[in-house]
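The sequence lines fix the lettering, A, B, ..., with proteins before strands; numbering per chain opens at 1.
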Amino acid sequence: MKVLTANRLTDGIAVWYADGGWADTVDHADIAHDKAAEDRLEAIGAAAHASNEVVDVNLIDVSVVNGVVEPVRLREKIRAAGPTIRHDLGKQAARAA
Amino acid sequence: MYRYDEFDHDFVQARVAEFSDQVQRRLAGEITEDQFRPLRLMNGVYLQLHAYMLRIAVPYGTLNSKQLRMLGHIARKYDKGYGHFTTRQNIQFNWPALSDIPAILADLASVEMHAIQTSGNCIRNVTADHFAGAAADEAADPRPYAEILRQWSSVHPEFSFLPRKFKIAVTGAERDRAAIQTHDIGLHLKKNAAGELGFAVYIGGGQGRTPMVAKKIRDFLPEADLLSYCTAILRVYNLYGRRDNKYKARIKILVHETGVEEITRQVEAEWQELKDAELKLPEADIRAIDAYFAPPQLGDRPEGDEAVKLARLDSKSFSDWLDQNVVTHRHPDYAAVTISLKGIGEVPGDASDSQMEAVADIAEKYAFDELRVSHEQNLILPHVARADLKAVYDALVDIGLATANSNLISDIISCPGLDYCALATARSIPIAQEISQRFASLERQREIGELKLKISGCINACGHHHVGHIGILGVEKKGAELYQVTLGGSADENTSVGEIIGRGFSSEEITDAIEQIVETYLGLRLDPQEKFIDAYRRVGPAPFKEALYAGEAKAA
């Protein structure tokens, strides 16, 4: 299972492709279950990069836990949450608020 | 302190205007990311895990109060209320929006600061001893030469596209506090028998995936020849340094593959062509730059001895701080103060906006408006009258920056690691925090004595783990963080690269392992005066391996 992620051009904030747009959290990102779906996401990423919406576009491995998307690698978990040493920063801060 | 002349002002303003235009064109979609990336890197703008990161140059680590206050202002207005001081004596902000960067650079320019050449394959910020101009043991202040190198290397057309980045450090003392032997060029400013100033020149030091200690290629280079000789080194490197493999592109690899004797011959031959031409530094020019670094008027303050004596009696914590964070100054009535950015359990090198402003106020009031950033990620007040030390201490207590741990085990160098960095393979900061908390007792830390612990979250070694007395390298193995330990590194006048002690440790095990290493040292040192590094050099790795791994061998 993979989802599409990138950083927004204007402010560099990490975003994930969900429901036809770029979401601020990974929670409900569009999941590719097969190669064809991955190709579709990749094409969307390439187009968004070309139109200067986002930079550093990547497909990342995920799993689904309690109906919410969760990245597999620690690096991507940290991108999705924020620094593990400052819970007041990053996506986790908004979630806690 | 150096003040911009008209040329500097125009140059920095022109760069702000140029880069602002580039940012606007990028945001408008007129240039692509591939076109923009090298431009933003030339201006210190990286893309990290969570956001952009802006690295701001602090030339040779020297700041005044106004500049530090501006950094606090930037932290508050454009970032998330803090900044991170780095091992290159710079500062990084972790959350700026690209669209705000032109405004940030304009604010910086208003206090004679910029982010030029803090990234890219060029000559980076020249670093220097953080006690420069104050240290009792220096031959001369190394910063005028660092400034001369800065002027020469800024947008130097020949050296803007080197095979790889290039770092220069300068010290003016025998006791090397600038880690010059871990740099591409290390310069040791000293006097010859005739009392003339010149440099011992080292080249080819570096860390990263292939750590190398620099080799001395000249014992005494007259000061007038500084630029011609550095140009000769850079030319040889620019011509022969490898461009086919970025991991083999630093000058250390060229020195290693070519051999010290041959590369010295090449440098000297190139220098013969340059030494008597326009790069020779006129005496008047050197002295003109020198004048910018004239020390403040340090009036006699003989009441300091008595004041310190009384304050010591009054406060044990002040006394501890005095012993640990305050060092001798060339003027007997003064001292140099280390402001630890390594509070127990804190993030090494981080300071909040209000801390930066408060430290700026302290520097203005008690330290002749002068500050330094050390490569060990602390702040320094280089000139404080001993009579004012208690007042400075009290002011630091008020802002939580009076931790008395300079050079102790909790004075850890740590890179940002996987919590921020796109290149990292493991986290560094939480490991630093846990070790700091484990050794929280100052009494215990002082019992252990000088111990330099350095942590990197990937093989690029920004956390200097190779030259830590104890070094920790975080890697990713089978999806988990694993921490390798090296022992016996050092980054002073006896620079050495640490040796890997054995298999790595999980994040749950690493602090116990460090404690085991420390306990082993305490058990085998000859006396409390024998430092960790000296004991390690005497006994080698065997007792430490035994302590860490003997149980496993028996179990197997």
Side-chain angles (χ1 to χ4, degrees), chain A residues 1-16 22-26 42 45-63 65 70-97, chain B residues 23 25-34 36-37 40 45-54 78-82 94-101 345-348 350 414 416-434 457-458 474 476 479-481 507:
Chain A
M1 276 191 279
K2 289 184 192 295
V3 302
L4 186 66
T5 185
N7 291 72
R8 206 154 50 202
L9 171 68
T10 51
D11 57 8
I13 295 299
V15 287
W16 295 263
W22 293 93
D24 277 359
T25 70
V26 71
E42 251 177 358
H49 187 267
S51 66
N52 302 306
E53 204 176 339
V54 294
V55 292
D56 202 15
V57 183
N58 288 294
L59 279 180
I60 58 161
D61 292 318
V62 295
S63 59
V65 181
E70 232 178 56
V72 172
R73 283 185 70 198
L74 177 62
R75 178 187 200 274
E76 293 303 324
K77 282 186 205 293
I78 293 173
R79 267 185 89 236
T84 63
I85 45 152
R86 286 286 303 266
H87 293 153
D88 58 326
L89 300 174
K91 317 295 184 185
Q92 59 200 351
R95 227 166 269 173
Chain B
V23 169
R25 283 155 61 206
R26 176 69 189 121
L27 291 172
E30 292 167 16
I31 48 178
T32 67
E33 185 62 15
D34 285 348
F36 181 64
R37 191 171 172 277
R40 72 167 157 78
V45 182
Y46 287 72
L47 182 63
Q48 296 287 27
L49 284 189
H50 310 292
Y52 290 105
M53 181 267 276
L54 177 64
Y78 303 104
D79 211 84
K80 293 191 185 286
Y82 69 105
N94 290 305
W95 306 88
L98 181 60
S99 48
D100 281 338
I101 284 176
E346 302 284 346
V347 179
D350 276 12
S414 169
L418 194 54
D419 280 301
Y420 293 100
C421 177
L423 299 174
T425 45
R427 285 173 293 167
S428 311
I429 297 168
I431 304 301
Q433 290 174 311
E434 192 175 302
C458 82
E476 182 184 6
E481 294 161 298
S507 53

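Ranking B:Thr32, B:Val23, B:Leu49 against chain A, the residue ahead of the rest is B:Leu49, based on heavy-atom pairs under 4.5 Å. Of the listed residues (B:Leu47, B:Asp100, B:Val347, B:Thr425), the one with the most heavy-atom contacts under 4.5 Å to chain A is B:Leu47. Each of A:Glu76, A:Glu53, A:Arg86, A:Arg8 has some count of heavy-atom pairs under 4.5 Å with chain B, and the biggest count is that of A:Arg86. Interface summary for chain A: among B:His50, B:Arg37, B:Glu33, the most heavy-atom pairs under 4.5 angstrom belong to B:His50. Contact count versus chain B (heavy atoms, under 4.5 Å) is highest, among A:Thr10, A:Val72, A:Ile13, for A:Thr10. Contact count versus chain B (heavy atoms, under 4.5 Å) is highest, among A:Leu74, A:Asp56, A:Leu9, A:Asn7, for A:Leu9. Counting heavy-atom pairs closer than 4.5 Å to chain A, the top residue among B:Ala426, B:Gly417, B:Ala422 is B:Ala422. For the set B:Ala28, B:Ala51, B:Pro416, the entry with the most heavy-atom pairs within less than 4.5 Å of chain A is B:Ala51.
Contacts of B:Arg25 classified as side chain to side chain contact (heavy atoms under 4.5 Å, CB included), with partners at least two apart in sequence or in another chain: B:Asp21, B:Gln22, B:Glu30, B:Ile31. In terms of the side chain to side chain contact (heavy atoms under 4.5 Å, CB included) criterion, residue partners of B:Ala432 (sequence neighbours excluded) are, by chain and number, B:Pro348, B:Ile412, B:Ser414, B:Ile455.
Interface remark: B:Gln48 contributes backbone atoms only to the contact with chain A (heavy atom separation under 4.5 Å). Contact annotation for A:Arg73: only side-chain heavy atoms (C-beta onward) come within less than 4.5 Å of a heavy atom of chain B. Contacts of B:Tyr46 with chain A are absent, with no heavy-atom separation under 4.5 Å from either backbone or side chain.
Looking at B:Trp95 and B:Tyr420, their side chains never bring a donor and an acceptor atom within 3.5 Å of each other.
Under a 3.5 Å cut-off, the side chain of A:Lys91 and the backbone N or O of A:Val26 do not form any donor-acceptor pair. Using modelled atom types, no side-chain atom of B:Asp419 and backbone atom of A:Pro83 make a donor-acceptor pair closer than 3.5 Å. Under the 3.5 Å distance criterion, the side-chain polar atoms of B:Glu481 are matched with a main-chain donor or acceptor of B:Arg427.
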Quiz item: Going through the checks in order, is the side chain to side chain contact (heavy atoms under 4.5 Å, CB included) test met by B:Ile101 and B:Tyr78?
Solution: CA-CA 9 Å; B:Ile101 284 176; B:Tyr78 303 104; over 6 Å; no

Exercise. List the steps, then state whether side chain to side chain contact (heavy atoms under 4.5 Å, CB included) holds for A:Arg95 with A:Thr25.
Key: CA-CA 10 Å; A:Arg95 227 166 269 173; A:Thr25 70; 3.7 Å; yes

